[in-house]
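So you know, we letter chains A, B, ... as the sequences are listed, proteins then strands, and number each from 1. Just so you know, these numbers come straight off a predicted model, no measurement behind them.
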2 protein chains.
Amino acid sequence: MNKRKTIIDVAKECGLSQATVARVLNGQQDIQVKEKTRKRVMSAAQKIGYRRNTLAANFRLQQSNTIAISIPDITNPFFPELIKGIQEKMRDEGYSVIQLNNEWNPSIEKDHFQYMVQTCVDGAIISPSHSGTDFSTLEGVPFVLLTNSDLYSEYDSVGNNSKAGMRIALEHLYSLGHRKIALLVGGSMRSDPSWRYDIFSEFYREKGLTVPANFLVSCDYNVDSTLSFLQARKSMEIFLSENPMPTAFFASNDILGLAALQVANEHGIKVPDQLSIIGMDGIFSGEVSYPALSTVKKNRSEIGGISAQILLDKIKKPKDWSTKKVLLPCKLIERGSTGPV
Amino acid sequence: MNKRKTIIDVAKECGLSQATVARVLNGQQDIQVKEKTRKRVMSAAQKIGYRRNTLAANFRLQQSNTIAISIPDITNPFFPELIKGIQEKMRDEGYSVIQLNNEWNPSIEKDHFQYMVQTCVDGAIISPSHSGTDFSTLEGVPFVLLTNSDLYSEYDSVGNNSKAGMRIALEHLYSLGHRKIALLVGGSMRSDPSWRYDIFSEFYREKGLTVPANFLVSCDYNVDSTLSFLQARKSMEIFLSENPMPTAFFASNDILGLAALQVANEHGIKVPDQLSIIGMDGIFSGEVSYPALSTVKKNRSEIGGISAQILLDKIKKPKDWSTKKVLLPCKLIERGSTGPV
DNA sequence: CAAATCAATGATAACGTTATCAATTAATCA
DNA sequence: TGATTAATTGATAACGTTATCATTGATTTG
């Protein structure tokens with residue numbers, strides 16, 4: 001077992017000093033080396049099979065070239081695209097990406113923050129597990145939040161404009177003639193869903209209508225997508241048995257919307273002829289349902305890319321940083337689950 | 001800006017040597033230190049706010065405590081659970097996980113292998129992008145493959161027994177009385193789908209039946225889940241317009257199965273009364289379709305956990321390693337899309 | 001109680017890179 | 001040409017940890 005080659009070996013091989021060899025071989029190109037010596041070094045390195053020891057370089061530079069993504073759960077269909085968007089951007093810039101799931105558990109999340117500090121990540125992109133997440137553990141690590149909440153006014157953040165998005169959905173239903181719209185919302189640890197009622201009643205007021213009675217189906221939005229779906233199904237069943245049918249449902253995310261759709265189908269309610277349903281997010285499952293689910297799409301890969309860019313900027317010039325907050329628009333995707341009354 | 005504390009600072013603070021401080025503070029507990037000095041060190045470390053420099057330790061030990069996962073595409077619904085399974089196991093053992101997507105592109109995959117060597121990952125778990133993937137770039141890096149193909153006999157691998165899984169699905173349909181079963185398969189870069197025909201005809205022979213004419217719907221299984229779905233839809237449309245209806249479809253994965261289901265729904269074909277459909281994999285979308293898709297589930301989080309365990313074993317004792325090949329059973333999940341003829 | 005053994009601690013050398021400054025060589029200009 | 005400046009290259013010191021061996025202190029044993 002022959003030992004791994006170092007720049008010293010290369011130096012010996014080509015008869016130059018360790019320093020010049022290093023100059024040729026280390027990343028930065030902004031150094032003066034003669035073309036001839038550069039070639040001498042390169043061929044010698046090639047010949048003896050030199051490979052840069054990244055661990056040594058990282059140590060010397062005290063940077064890991066790694067950024068961390070902290071999210072609740074990768075199996076939640078909302079996140080993979082987001083992560084892909086981050087990864088693509090980061091790879092282009094030469095960073096590796098470590099992805100950590102906290103299972104919506106604040107204590108695991110805190111461990112992860114500690115881990116990031118320990119392991120010297122250069123930065124982090126964080127989707128907070130709950131509204132009270134404490135970022136003080138992260139001292140020294142630049143980070144960007146994935147949120148549209150105004151709870152985190154002091155931090156950099158990227159998110160979708162969900163309020164506007166909800167209005168887009170309601171407007172869509174309204175334009176199809178729907179006046180009796182019901183709301184299907186899930187309470188979560190992350191944010192109080194009460195703003196949805198505000199938007200809803202505001203919308204009705206603007207249209208000169210009165211908010212219908214029993215317009216609300218609420219359910220626990222759970223850790224696990226499957227469980228959320230089942231919860232939503234249950235709430236839908238109860239609602240349908242106790243209330244007169246609305247003409248449309250707005251679901252605060254696609255999983256809830258799909259639950260409503262499945263229950264409606266099972267009850268022989270024709271979607272969209274008797275009932276329109278629109279969701280929010282734009283996950284894959286909404287494309288393959290029957291009928292395909294209309295939705296207000298959040299461009300998750302764009303969120304990922306932008307948050308990555310902001311983090312990179314912050315890493316590169318941490319001085320005089322002014323907090324950036326980005327809210328991206330949502331986009332209506334009309335599919336088969338919505339139609340005229 | 002005060003500099004970060006080192007073990008030397010701690011040593012000064014508590015009046016002990018650097019070496020003893022290191023003994024107390026470094027991970028391994030199997031070293032002899034008096035309880036009293038241990039406390040002295042700990043409180044001194046606490047007091048001055050010492051934090052271990054992981055980068056330095058990694059360099060010294062020449063190990064990154066990082067393993068890499070190489071997969072085609074995280075947005076493919078097959079992978080997130082798999083990754084979660086790996087992550088959980090690896091976190092327990094103190095490893096971080098870097099996840100790389102190659103977009104089914106062999107050249108990106110190769111870059112990723114090179115990157116792994118460069119960056120000194122301790123090991124890798126790889127879902128090959130295509131059947132001809134070349135692992136020679138990875139010299140020195142222990143790795144485990146995620147595959148059930150026998151193309152890779154020389155490597156460690158973990159996968160599901162898809163052949164047995166397909167038989168389970170066919171058996172299920174058969175037991176419901178189906179005799180005219182059609183096959184919906186997607187060709188991919190990873191493996192030749194011809195073994196599916198073999199299993200199919202073998203099954204029919206065993207049952208003393210003759211393989212029905214025009215039993216095959218084939219389509220391109222694409223890089224992108226959405227595209228695959230649309231491809232499969234198209235193939236289904238064509239098949240239905242040109243052939244007599246079978247009583248059941250076996251789809252080689254859930255995405256194809258969902259396409260068949262959606263098209264059937266659109267054509268007013270009652271599933272499962274007029275047509276049964278069964279898929280394979282057990283992705284989330286199959287739970288939320290209407291009717292919910294029966295499937296043969298691959299326990300992806302288990303595959304992840306087991307592959308992680310094998311990799312860990314291999315990292316710990318690379319000597320006298322005998323290649324391990326694990327094939328996990330698939331499990332029938334009966335849902336609404338299959339029923340008696 | 002001295003000798004031998006064992007446990008605990010100390011001194012110090014790596015690990016391979018980058019960065020600083022000194023030394024050399026090449027290029028420019030009067 | 002000789003002096004001055006600019007462009008290359010060389011020598012060497014870090015970075016903070018772990019590991020090796022030497023040393024000291026504590027404990028046992030004949």
Checklist entry - Any idea how F59(A) and F59(B) line up, ring-wise: parallel (<30°), tilted (30 to 60°), or perpendicular (>60°)? => result parallel

Checklist entry - In terms of the nearest nucleotide of DNA chain C, which residue is placed more toward the 5' end: A56(A) or G15(B)? => result G15(B)

Item to check | Atom pair distance, as rounded to whole Å: CD1 in I8(B) and C1' in dT17(D) | outcome: 9 Å

Checklist outcome for this item: Per atom distances to the R23(A) side chain, the nearest of dG16(C), dT20(C), dT12(C) is dT20(C)

Next on the checklist: Starting the side chain at C-beta, find the nucleotide from dT9(D), dT18(C), dG16(C) nearest to T20(A).
Outcome noted: dT9(D)

Checklist entry - With distance as the sole criterion, is a donor-acceptor pair present between the side chains of N101(A) and E103(A) under 3.5 Å? => result no

Checklist entry - Between T37(B) and dT9(C), does any side-chain N or O lie under 4.0 Å from OP1 or OP2? => result yes

Checklist entry - Between dA14(C) atom C1' and R60(A) atom CZ, what is the distance in whole Å? => result 16 Å

Checklist entry - Considering only dG10(D), dT18(C), dC15(C), which nucleotide approaches the side chain of A57(A) most closely? => result dT18(C)

Item to check | Distance in angstrom units between R4(A) CZ and dG16(C) P, rounded | outcome: 9 Å

Checklist entry - How would you list, by chain and number, every residue that makes a salt bridge (charged side-chain N to carboxylate O under 4.0 Å, His left out) with E139(B), sequence neighbours excluded? => result R51(A)

Checklist entry - Given dC15(D), dT17(C), dT9(D), which nucleotide is nearest the side-chain atoms of V33(A)? => result dT9(D)

Checklist entry - Does T6(A) have a side-chain nitrogen or oxygen under 4.0 Å from the phosphate oxygens OP1 or OP2 of dG16(C)? => result no

Checklist entry - Separation of Q118(B) atom CD from dT17(C) atom C1', in whole Å? => result 14 Å

Next on the checklist: Taking D156(A) first and then K314(A), would you say they form a salt bridge - that is, a charged N and a carboxylate O separated by under 4.0 Å?
Outcome noted: yes

Checklist outcome for this item: Rounded to whole Å, CG of N65(B) lies from P of dT18(D) at a distance of 11 Å

Next on the checklist: Whether R300(B) engages the ring of F79(B) as a cation-pi pair (distance to the six-membered ring centre under 6.0 angstrom, angle to the ring normal within 45°) should be assessed.
Outcome noted: no

Next on the checklist: Quick check for you: among dA11(D), dT9(C), dA19(D), whose closest atom lies nearest to any side-chain atom of K34(B)?
Outcome noted: dT9(C)

Checklist entry - Would you say R52(A) reaches dT18(C)'s phosphate, i.e. side-chain N/O to OP1/OP2 under 4.0 Å? => result yes

Next on the checklist: Taking the minimum atom-to-atom distance to the side chain of F59(B), which one of dC15(C), dT18(C), dA11(D) wins?
Outcome noted: dC15(C)

Checklist entry - Rounded to whole angstrom units, what separation is found between the CD atom of Q18(A) and the P atom of dT20(C)? => result 16 Å

Checklist entry - Whole Å only: how far is the CG atom of L16(B) from the C1' atom of dA11(C)? => result 14 Å

Checklist entry - Charged N to carboxylate O below 4.0 Å: is that the case for K84(B) and D73(A)? => result yes

Checklist entry - So what does Q62(B) touch, heavy atoms closer than 4.0 Å: a base, only the sugar-phosphate, or nothing? => result nothing

Checklist entry - Between R40(A) and E35(A), is there a side-chain N and carboxylate O pair less than 4.0 Å apart? => result no

Checklist entry - Looking for any heavy atom pair under 4.0 Å, which part of the strands does L55(A) touch: base, sugar-phosphate only, or nothing? => result nothing

Checklist entry - A19(A) side chain: which of dG10(D), dT17(D), dT9(D) is closest? => result dG10(D)

Next on the checklist: With rounding to the nearest 0.5 angstrom, report the NZ to CG distance, K5(B) to N53(B).
Outcome noted: 14.5 Å

Next on the checklist: Without decimals, in angstroms, what is the distance between Q63(A) CD and dT17(C) P?
Outcome noted: 16 Å

Item to check | Axis deviation across the helix from dC1(C)-dG30(D) to dA30(C)-dT1(D), five-pair ends, to the nearest 10° | outcome: 40°

Checklist entry - Side chain of I7(B): nearest nucleotide among dG10(C), dA14(D), dT18(D)? => result dT18(D)

